[in-house]
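Owing to the predicted nature of the structure, the values given are computational and were not obtained by experimental measurement. Naming: A, B, ... by sequence-line order, numbering from 1 per chain.
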Amino acid sequence: MKSLVKFFQSSVGKKIAMSLSGLFLCTFLIVHVSINLLLFVNDGGAMYNEYSAFMSSNVIIRTIEIVLFLGIVIHMISGVWVWLKNRASRPIGYDTYKLSDNAPLSSRTPMLTTSAALVGFFLVSHLITFWIPTRFGAEHKLPYVMVSEAFSDPTLGIFYIIAVAFLGFHLKHGFQASFQTLGLKTKRYLWLIQSLAVIFWLLIPLAFAAMPAYFLWFR
Amino acid sequence: MNFTLKIWRQKNRTDEGRFVEYTVKDISPDASLLEMLDVLNNDIVRKGEDPVAFDHDCREGICGSCGLVIDGRSHGPNRGIATCELRMRSFRDGNTIVVEPWRAKAFPIIKDLVVDRSAFERIMQAGGYVSTKTGGVPDANAIPIPKPVAEEAMDAAACIGCGACVAACPNGSAMLFVSAKVSQLALLPQGQVERTERVQRMVARMDAEGFGNCSNNYACEAECPKKISVEHIARLNREFIRAKVAG
Ligand code: HEM
Ligand code: SF4
Ligand code: FES
């Protein structure tokens with residue numbers, strides 16, 4: 001236990017916790033987007049409702065859900081902890097500071113912190129809109145009805161599209177970064193990491209963005 | 001060539017410090033930035049004022065003493081060189097050049113452009129060495145090392161400990177420096193004895209000195225005068241995980 005605490009207190013240990021929890025969240029995204037793609041099945045939401053019911057009643061899924069929350073909490077705590085230490089490490093800044101052109105925009109500090117903060121904000125509001133009503137709501141609307149009603153509101157729909165764009169930004173940085181943090185990013189595997197990354201920073205956000213777009217404009 | 005210089009002046013560790021503007025005239029395009037500062041200091045001394053303090057020693061890019069943030073870039077606008085190797089022809093005639101010290105909590109300013117980099121020494125003392133028995137020099141071929149491994153270790157060993165990586169990093173992280181020092185020993189048979197202890201001790205010291213965390217920005221690699229690769233940071237992380245699992 002003592003060595004575990006020491007591990008997380010170290011800079012590298014915190015980053016490892018952040019990358020493992022981040023990658024775990026990435027696997028969750030695959031499951032999440034796959035099920036939500038059922039929204040596009042042209043059956044009035046029957047299949048989607050069925051899967052949602054399964055997800056919220058199955059014991060295994062409910063257990064994984066607890067792990068998922070733990071993952072989010074670990075990721076956020078380590079993220080904020082790292083950010084605070086990083087801010088403290090340069091108390092007096094430069095008059096002129098030109099960050100060299102090595103890093104893509106998504107990895108640069110302003111973008112990184114903005115996208116992480118927005119994704120965090122989105123995550124909380126997302127849980128309030130969809131997760132809390134399905135779990136604890138008094139009236140049980142069918143999940144499909146809830147989603148289609150929510151996304152027919154332009155404000156919410158556009159907010160979701162912007163939010164998943166920032167998720168894409170966050171993962172453009174985060175996915176490849178986690179392999180570096182885990183010591184797995186070498187020249188040999190760079191192509192593989194970068195190809196897989198496209199799924200996370202482009203394809204999944206696009207699929208998520210398509211959902212509010214569909215209910216807003218194409219139905 | 002003529003330049004306006006905006007230079008950070010700070011009397012001592014506790015002084016608040018401020019920028020002071022100077023002009024220099026008739027600078028040779030082949031002069032290094034440090035030689036240009038020498039010319040400036042001659043003028044300042046002639047006026048009976050306090051010359052600008054800056055670190056330097058070898059002036060050929062091998063000692064790691066020099067190091068300034070010039071127009072927002074560690075060691076100036078060119079890649080793969082130290083401040084002492086930066087020629088004035090890299091700048092446009094008549095321009096204003098901003099010259100600042102390395103900025104990091106772990107590198108407190110001693111005077112003007114001179115910072116205290118002893119944090120690096122303490123990281124080295126924590127584990128950047130190998131234990132050997134003194135005695136006769138062993139035969140050079142007694143320990144076979146594959147060529148690619150030797151090359152990789154040599155690349156890491158090229159680090160001159162200048163601190164440009166820390167200065168460039170938005171998080172003031174020393175990961176590139178520490179990773180070079182861990183790598184050069186972790187790769188070689190001679191470094192195996194302390195391998196597990198070394199990485200843990202050096203990372204712990206790095207954290208205690210107040211350097212930030214790596215956020216995979218890779219500004220360090222771009223500004224390193226020796227072009228140390230961030231692949232060494234991946235190795236450092238690997239070594240750290242290995243040490244925790246093995247130890
Ligand atoms: C679906 C949600 C999320 C996923 C899939 C995810 C994924 C990742 C991954 C894979 C990394 C890379 C770790 C590394 O650099 O080694 C990362 C980094 C990071 N994440 Fe997240 N993240 C998510 C949500 C959040 C949230 C809500 C926050 C806000 C607190 C956040 C803050 C950060 C920060 C600050 C980093 C640090 C980047 C760095 O220092 O390199 N993430 N994320
Ligand atoms: S890694 Fe490069 S920039 Fe950092 S101290 Fe070594 S030589 Fe200087
Ligand atoms: S003075 Fe030695 S590296 Fe510049």
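Of the two parts of A:Ile92, the backbone and the side chain both hold a non-hydrogen atom closer than 4.5 Å to a non-hydrogen atom of chain B. Heavy-atom distances place both the backbone and the side chain of B:Val230 under 4.5 Å from chain A. Heavy atoms of B:Phe19 lying under 4.5 Å from chain A belong exclusively to its side chain. B:Ala204 does not touch chain A: none of its heavy atoms, backbone or side chain, sits under 4.5 Å away. With a 4.5 Å cut-off on non-hydrogen atoms, A:Lys14 touches chain B through its side chain but not through its backbone.
Within a 6.0 Å radius of CZ in B:Arg13, more than 12 heavy atoms belonging to other residues, nucleotides or ligands are found. By the 6.0 Å contact criterion, CZ on A:Phe40 is enclosed, its count of non-hydrogen atoms from other residues, nucleotides or ligands being greater than 12. Within 6.0 Å of the CD1 atom in A:Ile60, the count of heavy atoms belonging to other residues, nucleotides or ligands does not exceed 12. Annotation for A:Phe24: atom CZ counts as buried by contact number, over 12 foreign heavy atoms lying within 6.0 Å. Within 6.0 Å of the CZ atom in B:Arg122, the count of heavy atoms belonging to other residues, nucleotides or ligands exceeds 12. Around NZ of B:Lys105, the count of heavy atoms belonging to other residues, nucleotides or ligands within 6.0 Å does not exceed 12.
Looking only at heavy-atom pairs under 4.5 Å with chain B, the residue among A:Gln176, A:Lys6, A:Lys185 that has the most is A:Lys185. Counting heavy-atom pairs closer than 4.5 Å to chain A, the top-ranked of the candidates B:Ala167, B:Pro77, B:Pro101 is B:Ala167.
Rounding to the nearest 0.5 angstrom, the gap separating the NZ atom in B:Lys6 from the CG atom in A:Asp95 is 3.5 Å. To the nearest 0.5 Å, atom OG of residue A:Ser89 and atom CG of residue B:Asp207 are 11.0 Å apart. Taken from OG in A:Ser11 to CE in B:Met175, the straight-line distance is 6.0 Å, to the nearest 0.5 Å. Remark: A:Tyr97 OH to B:Arg73 CZ distance equals 10.5 Å, nearest 0.5 Å. Between the OH atom of A:Tyr94 and the CH2 atom of B:Trp8 there is a distance of 12.0 Å, given to the nearest 0.5 Å. In this structure, CZ on A:Arg108 lies 12.0 Å from OG on B:Ser215, to the nearest 0.5 angstrom.
Of the possible donor and acceptor atoms, none in the side chain of A:Asn86 sits under 3.5 Å from a partner among the backbone N and O of B:Gly212. Under a 3.5 Å cut-off, the side chain of A:Arg90 and the backbone N or O of B:Arg103 do form a donor-acceptor pair. Remark: side-chain polar atoms of A:Lys85 are not paired, donor with acceptor, to backbone N or O of B:Asn213 under 3.5 angstrom. Checked by atom type and distance alone, the side chain of B:Lys244 never pairs as donor or acceptor with a backbone atom of A:Ser3 at under 3.5 Å.
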Ignoring hydrogens and angles, write down the donor-acceptor pairs under 3.5 Å from the side chains of residues 232-241 of chain B, residues two or more places apart or on other chains.
unit_1   : atom_1 : unit_2   : atom_2 : d
B:His232 : ND1    : B:Ser183 : OG     : 3.3
B:His232 : ND1    : B:Arg235 : NH1    : 3.0
B:Arg235 : NH1    : B:Ser183 : OG     : 3.1
B:Arg235 : NH2    : B:Glu152 : OE2    : 3.0
B:Asn237 : ND2    : A:Gln180 : O      : 3.0
B:Asn237 : ND2    : A:Thr181 : O      : 3.3
B:Asn237 : ND2    : B:Ile233 : O      : 3.4
B:Arg238 : NH1    : A:Gly183 : O      : 2.6
B:Glu239 : OE1    : B:Arg195 : NE     : 2.9
B:Glu239 : OE2    : B:Arg195 : NE     : 3.3
B:Glu239 : OE2    : B:Arg195 : NH2    : 2.8

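A salt bridge is defined here as a Lys NZ or Arg NE, NH1 or NH2 lying under 4.0 Å from an Asp or Glu carboxylate O, and B:Asp71 with A:Lys98 fails to meet this definition.
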B:Glu231/A:Lys187 under side-chain contact (heavy atoms from CB on, under 4.5 Å): CA gap, chis, key distance, verdict | CA-CA 8 Å; B:Glu231 275 198 51; A:Lys187 277 199 192 80; 2.7 Å; yes
